[in-house]
J.: 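First the structure, which I've put down as C-alpha cells, then a few questions once you've had a look.
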Amino acid sequence: MAHIILFVVLILNLSHSMCHATPSNATKFPAALIFGDSTVDSGNNDYTSTLFKANHSPYGMNFPGGQPTGRFSDGMLVPDFLASFLGLKESIPPFLDPQLSDEDVKTGVNFASAGSGFDDLTTAISGAIPMSKQIEMFKSYIDRLKNVVGEQAATGIVNNALIVISAGSNDFIFNFYDLPTRSSVYNISGYQDFLLEKIRDIVKQIYDLGGRKIAIAGLSPIGCTPIQMTAKFSYVFDLMCVEEENSDVVAYNTKLAGLVSQVQASLAGSKVVYADLYTPFSDMFKNPQNYGFEETKRGCCGTGRVEMGPLCTALTPLCFDPSKFIFFDAIHPTQAVYKSLAKYMIDNVLDKLL
C-alpha cells in the first residue's frame, strides 16, 4: 500500500512540474522582436495605406484558421516558426494590430513592413513603413511594455529578447535592378556600402534602446525569384537564375558578415550575429527533392511569373499543393520554405546569441 501511495505522489509531483515548466528554449529568449520587409511582415501593412498588402485570399490559406493575415505566403513566416520552436507562442503579431494584447506585448511583436528596406528611397516608392519608423514603433512598444510589466522587467525583456532584422531585397530590386533610381548614382559595390552604413546605424539605434541579441539576415538568391528571372529572360522555357544578381548578393552578404563582426565589437555587451540564409536557400534550388519541392522556377499563384500582392487574388488560378513549390507568388516563398529556414536558424544561428 505504501508503494502505491508513493507512486501516486511521484506522479502528482511530476504532473505539477510539467504543467508549470517553461519550455527550455523559451528561457533563452523571453520575447522576439522583428524588423524588416515582406519576408517577415506579419500584417502591419494591413493598417497602412500602402498597396503592398496580403490581406486577401489566397494568402494565408495554410495559416491556422485558413484566413489571410497580411503575411505574404500561404501560411507562417520564419518569425512565427521561431516563436513556436522557442516555446514563446505560435506566431508573432503585428505591432499595429489594434487588438494587440498585453500578453503578446510581453512575448514579442513584429514591426516589419512589406515593401520596406534600409534605403529610405525604397519606401518612397512602395509606401511601406521605413526602417526609421519601425524604430519609432519599437520605442512605442517599450513604453507599452513598461506599462504592462514595469520598467525593470521591461528592460530585462528587451535586453534578452531575440531581435531579428531581415531586409535588403527591395532595396536592390526597386532601386538598382528594375528601376535606375540608385544605379545612376552608385555602382553595385558603392550601393552595397551605402546600405551597410544604414544597417550599422539601425543596429546602433536598437542597441541604444536596450536591444542586445540581434540576428541580421543576409539576402537569399534574388536572381532566383520568378519575377527577376521573368524580367531577365524573354521566353518561359529559358528561365534560369540570374547569376549576375546572385553574385552581387554573395558579395553583399560577405560584406554584411564582416560588418556584423565590427558592430558587435563596438557595442559592449551585445551579441550581433549574421544569419546566412543564402546557403540553405541555394540548396533548395540545387536539391529540391531533399525538401519535397517539385517546382523551383515559378510561384504557386497564377502563372507564377509576375503575380504578387494585388495581382494574386482569390480569382487567380492556384496550384494544387503549395508545399511542392519554393515560391507562393512571384517573389515570396511558401510556408514550407520558411519552416526549413527557421529550423536552419535554430540549428546554426541562435546559439551564437547566447
Side-chain angles (χ1 to χ4, degrees), residues 20-37 40-48 69-71 76-113 116 128-167 199 201-217 263 267-273 342 345 350 353-354:
H20 291 82
T22 301
S24 59
N25 284 328
T27 60
K28 299 178 181 179
F29 304 103
L33 303 169
I34 314 300
F35 299 82
D37 58 20
V40 289
D41 178 10
S42 59
N44 282 307
N45 277 17
D46 289 359
Y47 308 100
T48 70
T69 63
R71 291 167 171 81
M76 297 170 68
L77 308 179
V78 167
D80 301 315
F81 284 115
L82 290 177
S84 179
F85 294 159
L86 293 171
L88 289 172
K89 48 190 172 186
E90 289 308 305
S91 61
I92 304 289
F95 180 66
L96 295 184
D97 183 352
Q99 304 301 317
L100 185 69
S101 69
D102 287 347
E103 192 60 34
D104 273 325
V105 168
K106 289 191 291 185
T107 52
V109 298
N110 194 313
F111 308 107
S113 173
S116 190
I129 303 170
M131 293 299 294
S132 57
K133 176 64 176 176
Q134 292 183 34
I135 298 295
E136 292 302 312
M137 292 161 63
F138 183 33
K139 293 178 182 178
S140 297
Y141 161 79
I142 294 173
D143 289 339
R144 180 169 173 183
L145 182 62
K146 290 178 179 178
N147 290 333
V148 173
V149 301
E151 185 167 353
Q152 183 175 355
T155 298
I157 290 172
V158 173
N159 284 170
N160 293 288
L162 167 63
I163 297 175
V164 176
I165 303 173
S166 176
I199 295 171
D201 182 59
I202 289 164
V203 173
K204 180 62 165 57
Q205 291 182 65
I206 291 174
Y207 175 85
D208 288 342
L209 291 169
R212 292 295 182 269
K213 299 180 179 182
I214 305 170
I216 305 176
V263 168
L267 300 177
S270 71
K271 291 284 188 179
V272 185
V273 302
M345 287 189 67
L350 298 196
L353 292 171
L354 301 172

J.: Is it the case that the side chain of Y47 and the backbone of F95 share a donor-acceptor pair, with hydrogens and angles ignored and the cut-off at 3.5 Å?
T.: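 Judged by distance alone, no pair lies under 3.5 Å.
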J.: What heavy-atom pair brings L100 and P94 nearest, and what distance separates the two atoms?
T.: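 Here L100 and P94 meet closest at CD1-O, 4.1 Å.
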J.: Provide the closest heavy-atom pair for P79 versus V40 in the form atom of the first, atom of the second, distance.
T.: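 Reported closest heavy-atom pair: CG-CG1, 3.6 Å.
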J.: Please round to the nearest 0.5 Å and tell me the distance separating atom CZ of F111 and atom CG of L96.
T.: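 The CZ atom of F111 sits 9.5 Å away from the CG atom of L96.
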J.: Using the side-chain contact (heavy atoms from CB on, under 4.5 Å) rule, pick out the option among L354, N159, V272 that qualifies with K213.
T.: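 Passing option: L354.
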J.: How many angstroms lie between atom CG of L33 and atom CD1 of I163, to the nearest 0.5 angstrom?
T.: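 It comes to 5.5 Å.
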J.: Can you tell me how far the CG atom of L353 sits from the CD1 atom of I214, to the nearest 0.5 Å?
T.: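 If I round to the nearest 0.5 Å, the distance is 9.0 Å.
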J.: Scan residues 93-102 for pairs that pass salt bridge (charged side-chain N to carboxylate O under 4.0 Å, His left out), counting only residues two or more places apart or in two chains.
T.: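 Passing the test, one end in residues 93-102: D102-R144.
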J.: Name all pairs fulfilling the salt bridge (charged side-chain N to carboxylate O under 4.0 Å, His left out) condition that reach into residues 76-94, sequence neighbours left out, sorted by first residue then second.
T.: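 Pairs touching residues 76-94 that pass the test: R71-D80, K89-D104.
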J.: Which heavy atom in F29 sits nearest to a heavy atom in L88, and how many Å separate them?
T.: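 Of all heavy-atom pairs spanning F29 and L88, the closest is O-CD2, 3.1 Å.
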J.: Do K106 and V149 touch side chain to side chain, with heavy atoms closer than 4.5 Å?
T.: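 Answer yes - side chains close enough.
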J.: How close do P93 and S91 get, counting heavy atoms only, and between which atoms?
T.: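 Heavy atoms of P93 and S91 come nearest at CD-O, 3.6 Å.
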J.: So which heavy atom on A342 is nearest to which on L82, and how close?
T.: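 Answer, listing the atom of A342 first, then L82: O-CD2, 3.7 Å.
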J.: Going from OG on S270 to CD1 on I206, what distance comes out if it is rounded to the nearest 0.5 angstrom?
T.: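 If I round to the nearest 0.5 Å, the distance is 12.0 Å.
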J.: Determine all donor-acceptor pairs shorter than 3.5 Å in which one atom belongs to a side chain in residues 133-140; sequence neighbours excluded.
T.:
unit_1 : atom_1 : unit_2 : atom_2 : d
Q134   : OE1    : G36    : N      : 2.9
Q134   : NE2    : G36    : O      : 3.0
Q134   : NE2    : S116   : OG     : 3.4
Q134   : NE2    : I129   : O      : 3.2
E136   : OE2    : K139   : NZ     : 3.1
S140   : OG     : E136   : O      : 3.3

J.: How close do A83 and I92 get, counting heavy atoms only, and between which atoms?
T.: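 So the two residues come closest at CB-CD1, 3.5 Å.
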J.: Tell me whether N45 contacts the main-chain N or O of S113 through its side chain, where contact means a donor paired with an acceptor under 3.5 Å.
T.: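 Checking the backbone N and O of S113 against the side chain of N45, no donor-acceptor pair under 3.5 Å is found.
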J.: Any heavy-atom pair between the side chains of V203 and L267 that's under 4.5 Å?
T.: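 Heavy-atom side-chain distance check passes, below 4.5 Å.
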J.: To the nearest 0.5 Å, how far apart are CZ in R212 and OG1 in T155?
T.: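 One finds 10.0 Å between CZ of R212 and OG1 of T155.
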J.: Mind checking the CG-NZ spacing from L209 to K204? Nearest 0.5 Å is all I need.
T.: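 Reported value, rounded in 0.5 Å steps: 10.0 Å.
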J.: So, does N110 use its side chain to make a donor-acceptor pair with the main chain of N44 at under 3.5 Å?
T.: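 Not a single qualifying donor-acceptor pair exists.
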